[in-house]
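Quick notes on the structure that follows.
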Amino acid sequence: MVLIELLLGQIAVLGLLLFLCLIVVLVILWSFAIVTQQTSLVLSLPNNETVPAVIVFGDSIVDTGNNNFLNTIFKCNFQPYGKDFGGGNQPTGRFSNGIIPSDIIAAKFGVKKILPPYLDPKLQPQDLLTGVSFASGGSGYDPLTSKSASVLSLTDQLNKFREYRSKIEKIVGENRTATIVSKGIYILCTGSNDIANTYSFSPIRRPHFDIPAYTDLMTSQATNFLQELYGLGARRIGVIGLPALGCVPSQRTIKGGLLRNCSDSENQATMLFNTKLSSQIDALNQKFSEARLVYLDIYNPLLKMILNPAKYGFEVANKGCCGTGNFEAGILCNSLTPHICSNTKNYIFWDSFHPTQEAYNVLCSLVLDNKINDFF
């Protein structure tokens, strides 16, 4: 009888130990999930290639905080932006609840997990050597777009890049700088503000341009930028096309009628521009033998996510997480906004114009992963 009691006691102790071990394992897995939700898997690069730096140009989709240091209303360095960044509630100037494509792409190429904004006065030499974002929320291909928003135009961003080259040359010398510049990965992502804001609402462009002519203007500006960037030493350049702009929550509200359907006119405009942009990229690759210009289609992957959110792990696709989700973005999504969704993982959009960190992670994989070899 005593022996049985001893055995039962040992079994109970063993069961308790196993239970405690299970709890520890679950805590570790939960902690790992929290960490990895903000990071991306490093992709396998061909021929043992390494990428020294990731350098980004564009608008709010890839602005990691440059607008914090500009005199513009196009800012988001306040809560609830940054709701899920780092340890939580850390507004950094990224137009989302967490990390954005600049960070995700830098991580995918094995460079670093967070891509800093170039204008941050706290930048360290190592930050510069491994790349920065020059992007500025509210900018576009059309110079009028950036001027109207008081943000960095693509010309401004290119001038900052020239300044950046001089800075890293002072740190590591001319030869190492040439390697960083030629072997770095460059990303250009802009154009949505041109169609959604400048063309749709500015009294300056619409009287003089129909959509075919305006998308010609945008394409010409894009081509000029890419040629200048190539002339400054860039070789591996990814150019992200325009998304299905008519299905973004704010555009549904403005142009989608009472039912807030996708706006066909805006989707047609973005498809027209994307076709022209892709053709120009092909032409530039023919013109510059050393160039590795890669067109990155975001239109179709995002549209598929919006039309079938459940397939990609989401529930809500027609409104943002912030407020009503129908029109709030930038300064309209702030600490006084009465409702913020409790679970951003269910939403494709954070505010009425910008996706969530979770959607960006899915989208970047769909857009980039099968294009990696094209950069080399």
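These values consider heavy atoms only, across backbone and side chains, with no hydrogens, waters or symmetry-generated copies. Starting from 1, each residue takes its place in the sequence as its number.
Between D103 and K113, every side-chain heavy-atom pair lies at or beyond the 4.5 Å cut-off. Contact check for F134 versus Y164: side-chain heavy atoms found under the 4.5 Å cut-off. Side-chain contact check for T270 versus I195: some heavy-atom pair is nearer than 4.5 Å. In this structure, R165 and F161 have side chains that are in contact, with non-hydrogen atoms separated by less than 4.5 Å. Contact of the Q227 side chain with the F288 side chain is registered, since non-hydrogen atoms from C-beta on lie closer than 4.5 Å. Side-chain contact between S139 and Q157 is present, with at least one heavy-atom pair separated by less than 4.5 Å. Side-chain contact between L129 and I171 is present, with at least one heavy-atom pair separated by less than 4.5 Å. Contact of the L272 side chain with the Q268 side chain is not registered, since no non-hydrogen atoms from C-beta on lie closer than 4.5 Å.
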Assess whether side chain to side chain contact (heavy atoms under 4.5 Å, CB included) is satisfied between D59 and S136, documenting all intermediate values.
CA-CA 5 Å; D59 58 21; S136 185; over 6 Å; no

For a side chain to side chain contact (heavy atoms under 4.5 Å, CB included) check, start with the C-alpha distance between L226 and Y186, then their side-chain angles and the critical distance, and finish with the verdict.
CA-CA 10 Å; L226 292 170; Y186 297 79; over 6 Å; no

Passes side chain to side chain contact (heavy atoms under 4.5 Å, CB included), L277 versus Y295? Steps please.
CA-CA 8 Å; L277 179 65; Y295 175 73; 4.0 Å; yes

Test side chain to side chain contact (heavy atoms under 4.5 Å, CB included) on N175 and T179; report intermediate values, then the result.
CA-CA 6 Å; N175 290 340; T179 299; 5.8 Å; no

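Note on I348 and L303: separate hydrophobic clusters, where clusters join Ile, Leu, Val, Met, Phe, Trp and Tyr whose side-chain heavy atoms are under 4.5 Å apart, directly or indirectly. Note: the hydrophobic cluster containing I55 also contains L115 (ILVMFWY, side chain heavy atoms under 4.5 Å, direct or indirect links). Side-chain heavy atoms closer than 4.5 Å link hydrophobic residues (I, L, V, M, F, W, Y) into clusters, and following such links, possibly through other members, connects L296 to I185. By the criterion of side-chain heavy atoms lying less than 4.5 angstrom apart, applied directly or through intervening Ile, Leu, Val, Met, Phe, Trp or Tyr residues, M305 is not grouped with W350; the two fall into different hydrophobic clusters. Hydrophobic clustering of Ile, Leu, Val, Met, Phe, Trp and Tyr side chains at less than 4.5 Å, counting indirect connections, unites L123 with V172.
When every heavy atom of N267 is checked against every heavy atom of C262, the shortest pair comes out as ND2-CB, 4.2 Å. Annotation for G140 and S146: closest pair N-OG, 3.5 Å, computed over non-hydrogen atoms. Listed here is the closest heavy atom pair of G137 and F74: O-CB, 3.8 Å. Among all heavy-atom pairs drawn from P117 and T64, the shortest one is N-OG1, 3.1 Å. For R260 against G325, the heavy-atom pair with the smallest separation is NH2-O, 4.4 Å.
Checked against the 2.5 Å cut-off, the SG-SG distance between C322 and C333 falls under it.
Residues Y81 and D351 have side chains that bring a donor and an acceptor to within less than 3.5 angstrom of each other. Looking at N326 and S250, their side chains never bring a donor and an acceptor atom within 3.5 Å of each other. For the residue pair T356 and N97, no side-chain donor N or O sits within less than 3.5 Å of a side-chain acceptor on the partner. S352 and E328 are not linked by any side-chain donor-acceptor pair at a separation below 3.5 angstrom, with hydrogens and angles left out of the test. In this model, a donor atom of one side chain and an acceptor atom of the other lie less than 3.5 Å apart for S153 and D156. The closest side-chain donor-acceptor pair between R94 and S96, if any, does not fall under 3.5 angstrom.
Residues in residues 305-327 take part in no ring pair (Phe, Tyr, Trp, His ring centres under 6.0 Å) pair, two or more places apart or across chains. The ring pair (Phe, Tyr, Trp, His ring centres under 6.0 Å) analysis of residues 245-286, with sequence neighbours excluded, yields the pairs Y141-F273.
Not a single donor-acceptor pair under 3.5 Å links the side chain of K83 to the backbone N or O of I340. No donor-acceptor distance shorter than 3.5 angstrom exists from the side chain of S200 to the backbone of N197, with no hydrogens or angles considered. N66 contributes a side-chain N or O that, together with a main-chain N or O of A135, makes up a donor-acceptor pair within less than 3.5 Å. In this structure, S278 contributes its side chain and N274 its backbone to no donor-acceptor pair below 3.5 Å. Remark: the backbone N or O of V62 is paired with a side-chain donor or acceptor of S102 at under 3.5 angstrom. No donor-acceptor pair closer than 3.5 Å links the side chain of N67 to the backbone N or O of C76. Of the possible polar contacts, none joining the N261 side chain to the R252 backbone as a donor-acceptor pair under 3.5 Å is found. The main-chain N or O of I204 is found under 3.5 Å from a side-chain atom of S202 such that the two form a donor-acceptor pair. In this structure, T344 contributes its side chain and Q357 its backbone to no donor-acceptor pair below 3.5 Å.
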Show me the donor-acceptor pairs, under 3.5 Å and distance only, between side chains in residues 205-218 and residues at least two apart or in other chains.
{"residue": "R205", "atom": "NE", "partner": "D142", "partner atom": "OD2", "Å": "2.8"}
{"residue": "R205", "atom": "NH2", "partner": "D142", "partner atom": "OD1", "Å": "2.8"}
{"residue": "D210", "atom": "OD1", "partner": "A213", "partner atom": "N", "Å": "2.9"}
{"residue": "Y214", "atom": "OH", "partner": "D142", "partner atom": "OD2", "Å": "2.8"}
{"residue": "T215", "atom": "OG1", "partner": "I211", "partner atom": "O", "Å": "2.8"}
{"residue": "T215", "atom": "OG1", "partner": "P212", "partner atom": "O", "Å": "3.0"}
{"residue": "T215", "atom": "OG1", "partner": "K276", "partner atom": "NZ", "Å": "2.8"}
{"residue": "D216", "atom": "OD1", "partner": "K276", "partner atom": "NZ", "Å": "2.8"}

Only pairs under 3.5 Å count here: list side-chain donor-acceptor contacts from residues 229-249, not counting sequence neighbours, and write none if there are none.
{"residue": "R235", "atom": "NE", "partner": "E290", "partner atom": "OE1", "Å": "3.0"}
{"residue": "R235", "atom": "NH1", "partner": "Y230", "partner atom": "O", "Å": "2.9"}
{"residue": "R236", "atom": "NH1", "partner": "K183", "partner atom": "O", "Å": "2.8"}
{"residue": "R236", "atom": "NH2", "partner": "E49", "partner atom": "OE1", "Å": "3.2"}

Donor-acceptor contacts under 3.5 Å from residues 367-376 side chains, at least two apart:
{"residue": "D369", "atom": "OD1", "partner": "K108", "partner atom": "NZ", "Å": "3.0"}

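Every residue was checked against the side chain to side chain donor-acceptor pair (under 3.5 Å) condition with K170, not counting sequence neighbours, and none meets it. With sequence neighbours excluded, the residues satisfying side-chain contact (heavy atoms from CB on, under 4.5 Å) with N300 are D297. Considering only residues two or more places apart in sequence or on other chains, E163 meets the side chain to side chain donor-acceptor pair (under 3.5 Å) condition with Y118. For C364, there are no disulfide bond (SG atoms under 2.5 Å apart) partners two or more places apart in sequence or in a different chain. In this structure, Q90 has no side chain to side chain donor-acceptor pair (under 3.5 Å) partners at least two apart in sequence or on a different chain. Partners of T198 under the side chain to side chain donor-acceptor pair (under 3.5 Å) rule, at least two apart in sequence or in another chain, are T145. Under the side-chain contact (heavy atoms from CB on, under 4.5 Å) criterion, E228 pairs with L158, R162, not counting sequence neighbours.
Here the straight-line distance linking atom CD of E266 with atom OH of Y199 works out to 11.0 Å at 0.5 Å rounding. Considering CG of L188 and CG of L293, their distance stands at 10.0 Å, rounded to 0.5 Å.
Between D127 and K122, no side-chain nitrogen of the basic residue sits less than 4.0 Å from a carboxylate oxygen of the acidic one, so the salt-bridge criterion is not met.
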